[in-house]
Amino acid sequence: MASVTLDNIQKTYPNGFKAIHGVDVEVKDGEFLVLVGPSGCGKSTLLRMVAGLETVTDGSLKIGEREVNNVEPSKRDIAMVFQNYALYPHMSVYANMAYGLKIMGLGKAEIDERVKNAASILELTEEQLERKPRELSGGQRQRVAMGRAIVRKPSVFLFDEPLSNLDAKLRVQMRVEIKRLQESLGITSIYVTHDQVEAMTLGHRLMVLNGGNVEQLGTPLELYEKPASLFVAQFIGSPAMNIVDTKMHENGNEVTIAQNVSLALGGGRLKDRAGQALKLGVRPEHLVISEEGANTLPLIVTLVEHLGADTLIHGHFGDDKTDLTVRCSGTQSVKVGEKLPITASLDHIHLFDPATEKRIEF
Amino acid sequence: MIENRPFLKFIEHLVLILGVLVVAFPLWMTFVAATHDAARMGQVPLPVLPGPHFFRNLDVVLNEGLWGGDGSGVGYMLVNSMIMALLIAFGKIVISLTSAFAIVYFRFPFRMGFFWLIFITLMLPVEVRILPTYEVVAKLGMLDNYWGLTVPLIASATATFMFRQVFLTIPDELLEAARIDGAGPFRFFKDILVPMSRTNIAALFVILFIYGWNQYLWPLLVTTDQSMYTIVMQIGRMLEGAEEAPQWHLIMMTALLSVIPPVLVVLFMQKLFVQGLTETEK
């Protein structure tokens, strides 16, 4: 059990490409931290630096109280689960799990006990332990890869997109298992994914990375309710948040969304932005179809997706045909080409500065 | 062909049978010649059916040698050939495995330079560099022994290149998993790389064993002591040896004997051989 402390961690590749621009975070003992972001954002690089598979260019990396910048991966007291499982194909499942322990110099009885124990946690049968990885299904291989991590009894688990090779149904099932496992073992975990649903459901805290910078660090709900930037706002939540270009009225009290449609907000607290352009964000699930009336957006429906539990209505409004997605619960009988009056409640509106893309509190 | 048409099947088999006949006929003639005596082999037309002298010829070849020879058989030459072929095969595999390991997994200065240097030696087989190589071997005092027979043939660019390609197909994650498991370079090599290249090693062994076994020119140069002669050399020497007509029945028996070890190697390692050359999944 240990915490992981990253202090101004940076990574510059020999060719001059800067992958990580300084990350600070303290992963508390037993915490589940998820690194999330689009591909190429540096999340895997960061994880591999913690694992010791990439060198740290600058900054200090601590596992527990010990600085491990220059410590071999095997000496860092970590275990890693790889995206493509990285099982040794010529070894049986048992030998795969036992290999690291053998190198550690543990006795046969101890190894046997640990492997059997991990197998029972992961519901791998005795018979499966004797098989080769290629004779197992994807989900079982993923279990073996986790077993190989568990038997090491590490202080930190590192997961590098472990579920992205599985089909959708299995992914949901394994997600639950990973969550349960982490909670019962209480081992500090860092998990990399590009899937925001996985991130939201697994993590105690999420770190959203973009281009090697930390966009936001917080609990899943913090990220959902108060995204710190336009990037986080659009990355977290599915379907993505609607972003509409607006303009703050000269009185500093209301924004103009479309012709004749404006929204009063801020209670005068945004006076210094009077007359400025702003980006307004509202999630599809926070838009409602209301009665025809003043201050509703006339949405012209272009596409309706029936998901069963929900209905997604895509459409546009205004002269510049701004796209908007609305998510309604249940089945809605809406037809393409129809004009719907849309409103949003003030609590669920986010404002962003178009230049810095940062959140504006109001 | 998935279609089931009797006429096509007939043609297929006809072509295959003709092919087998063409390939097997010289072997059959060798065998037939080895079963007759010298007198029958001197008459035309040559026999196409086996005669009664197989075991007599075998006995002569193994225990007496040719008429007019020194009276020793070819048995020790088979042993020489075997030792030479095995040393060449194992030596090449060990050297190329380790050099491919170095080139693929270690970052050292002029890494690619070394790789191309090894690669360039493909253009310099023994036949091309035969005089300088002979000079070196002679000065090292390796004439007339197994080292002289094998060492110059061992350095191998083809095998190094092949293992490099094999190692490149092994995913990096395996190396990383091994590093996290605490395996150092040597352990990774021994526990993971070599077992994973098992079929490729076997395939290469078959090829190299036959390559070593069939060496003719080089053994001819570096051996003057008859006790170091190889079987393939001996077949050549038998043809030009005496003033009289070649003793075909004994030469063919020797040829037959010299074919057996490579055939056995191919037969027993056939499955691994095919896997090693075709299997790509790691």
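Just so we're clear, the structure is a prediction, and the values are computed from it rather than from any experiment. To find a chain, count down the sequence lines: A is the first, B the second, and so on, and within it residues start at 1.
- The pair A:Arg48-B:Glu176 meets the salt-bridge criterion, with a side-chain N (NZ, NE, NH1 or NH2) lying under 4.0 Å from an Asp/Glu carboxylate O.
- A:Arg76 does not touch chain B: none of its heavy atoms, backbone or side chain, sits under 4.5 Å away.
- With no hydrogens or angles considered, a side-chain donor-acceptor pair links A:Gln83 and A:Ser164 at under 3.5 Å.
- Using cut-offs of 30° and 60° on the angle between ring planes, the pair A:Phe159 and A:Tyr191 is tilted.
- Residues of residues 178-193 of chain B that come within less than 4.5 angstrom of chain A, heavy atom to heavy atom, are B:Ala178, B:Arg179, B:Ile180, B:Asp181, B:Gly182, B:Ala183, B:Arg187, B:Asp191, B:Ile192 in numerical order.
- Using cut-offs of 30° and 60° on the angle between ring planes, the pair A:Tyr88 and A:His90 is tilted.
- Taking the six-membered ring where tryptophan is involved, the planes of B:Phe108 and B:Phe114 are tilted, since the angle between them lies from 30° to 60°.
- Using a 4.5 Å heavy-atom cut-off against chain B, the contacting residues of residues 101-130 of chain A are A:Ile103.
- Between A:Phe32 and A:His204, the two ring planes are perpendicular [angle over 60°; tilted spans 30° to 60°].
- With a 4.5 angstrom heavy-atom cutoff, A:Phe82 touches chain B only via side-chain atoms.
- Using modelled atom types, one finds a donor on one side chain and an acceptor on the other under 3.5 Å when comparing A:Lys11 with A:Thr55.
- When only modelled atom types and interatomic distance are considered, A:Ser60 and A:Glu67 share a side-chain donor-acceptor pair under 3.5 Å.
- No hydrogens or angles considered: nothing links the side chains of B:Asn80 and B:Thr230 as a donor-acceptor pair under 3.5 Å.
- Cation-pi geometry between B:Arg111 and B:Phe106 is not met: the NZ or CZ atom fails to fall both under 6.0 Å from the ring centre and inside 45° of the normal.
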